[in-house]
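For reference, the structure discussed in these notes is given below.
Every number for a ligand or one of its atoms is a count from 1 in the order of the listing.
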Amino acid sequence: MVVKSAGGGGGGGGAEEGAAGAAVRRWVEAGGGRLVLDGGLATELEAHGADLNDPLWSAKCILSSPHLIRKVHLDYIEAGANIIITASYQATIQGFEAKGFSKEQGENLLTKSVEIAHEAREMFLKEHPDQSTALRPILVAASIGSYGAYLADGSEYSGDYGEAGTLEFLKDFHRRRLQVLAEARPDLIAFETIPNKLEAQAYVELLDECNINIPSWFSFNSKDGVNVVSGDSLIECANIANACAKVGAVGINCTPPRFIHSLILSIRKVTDKPILIYPNSGERYDAEKKEWVESTGVSDGDFVSYVGEWCKDGAALIGGCCRTTPNTIRAISRSLNQYYPAA
Ligand SMILES: C[S+](C)CC[C@H](N)C(=O)O
Ligand SMILES: N[C@@H](CCS)C(=O)O
Ligand SMILES: [Zn+2]
């Protein structure tokens, strides 16, 4: 089936799509014109009893309960996800060192996050011999959360890094982690919840300097439907991603559903790369309490009612972020099957 939602109509910015864009486009085509991402990982870990009130947040479970991470990945694949995102969002060598681990142990824990996701995919395929990745892509995306995530104070929702906000600092912070995760051979690298332009620039330079040949996606977050959370222009951020041939998809995550429509339209103006979106429930994160607050979150039904519009706007990869669950993903998957009825 032709990929209706990816390509065409965008400004393009003159960038070569490159191997990464072509790879993502092939996966999207193999998924029948769209791919379903998973939902909140930390949300589900907590739902199964994990206490994430820790500087490592969900990455704590790589140490304490890898079986739980594997179960949550498996639940998302069962719910229809084509892409599962590893538990490495807040896993950093620096964060593990602060817990007393050596650099090598920290690197091994990063690798383990990818291995757990690979195991979940293998288990699914073993339990469902009728399913094959040739028929339905099931991909592992290694999460790289922003420097603000590592700070564990909600800075990924402000993008205000103070003195640490220099290009070289951010590149040094992320370099080894990116290399280790890439060496673990995920299908994709997911740069998630990118709050500012500088961090996007740091990632682009690292992808080139480290010669990373695994397709990546760049996903920004917004709290006004116009700019990224730091106030930097989304257009400028998306341009940085678009200009990098190693970036296979550009989009938005952990952002309230009500803002997504306008954000997709902005991204579409500057890129022909596939667009991905995985909004949160619309609730607000209280970083001090490490809790989601306000009862303004949308229900699964409301969330899913947006999906058709997001497809028409041009999103090719759709899932959920914090406070979404396998039920959300099941509903998105069903809704997309309606949007792209089987031939
Ligand atoms: C995407 S946020 C909810 C992740 C957690 C945050 N970095 C913290 O540690 O509080
Ligand atoms: N990928 C992470 C959150 C990103 S905001 C998770 O799902 O827990
Ligand atoms: Zn999130």
*asked:* Which option wins on minimum heavy-atom distance to atom 10 (O) of ligand 1: Trp292, Tyr89, Trp57, Tyr285?
replied: Tyr285

*Would you say the side-chain atoms of Ser88 pair up with the backbone N or O of Ala91, donor to acceptor, closer than 3.5 Å?*
no

*Is any side-chain heavy atom of Ile214 less than 4.5 Å from a side-chain heavy atom of Pro186?*
yes

*If you measure from each non-hydrogen atom of Ser143 to ligand 2, which part falls under 4.0 Å: side chain, backbone, both or neither?*
neither

*Number the atoms of ligand 2 from 1 as they appear, then name those within less than 4.0 Å of a heavy atom of Gly40, with their elements.*
7 (O)

_So, at under 2.8 Å, which protein N, O or S atoms would a careful student list around the Zn ion (ligand 3)?_
Cys254 SG, Cys321 SG, Cys322 SG

*So Tyr285 and Tyr157, would you call those rings parallel, tilted or perpendicular, with 30° and 60° as cut-offs?*
tilted

*If you measure from each heavy atom of Tyr157 to ligand 1, is any distance below 4.0 Å?*
yes

*Can you say whether the rings of Phe191 and Phe218 are parallel (under 30°), tilted (30 to 60°) or perpendicular (over 60°)?*
perpendicular

*Under 4.0 Å, heavy atoms only, figure out whether ligand 2 is touched by the backbone of Cys321, its side chain, both or neither.*
side chain

_Contact check: Leu41 vs ligand 2, nitrogen or oxygen atoms, below 3.5 angstrom_ = yes

*Anything under 30° is parallel, anything over 60° is perpendicular, the rest tilted; go ahead and classify Trp217 against Tyr278.*
perpendicular

*Between Glu283 and Ser281, do the side chains contain an N or O donor and an N or O acceptor separated by less than 3.5 Å?*
yes

*Do any N/O atoms on Ala42 end up under 3.5 angstrom from N/O atoms on ligand 2?*
yes

*Mind checking whether Gln90 has an N or O less than 3.5 Å away from an N or O of ligand 1?*
yes

*May I ask you to list the atoms of ligand 2 that are less than 4.0 angstrom from any heavy atom of Cys254?*
5 (S)

*Using a strict 4.0 Å cut-off to heavy atoms of Thr193, name the atoms of ligand 2 that fall inside it.*
4 (C), 5 (S)

*Short N or O distance, Ser58 and ligand 2, threshold 3.5 Å exclusive*: no

*Using a 4.0 Å heavy-atom cut-off, say whether Trp57 meets ligand 2 through its side chain, its backbone, both or neither.*
side chain

*asked:* List ligand 2 atoms under 4.0 Å from Tyr89, heavy atoms only on the residue side.
replied: 4 (C), 5 (S)

*Taking atom 1 (N) of ligand 2 as the reference point, the nearest protein heavy atom with its distance*: Glu192 OE1, 3.1 Å

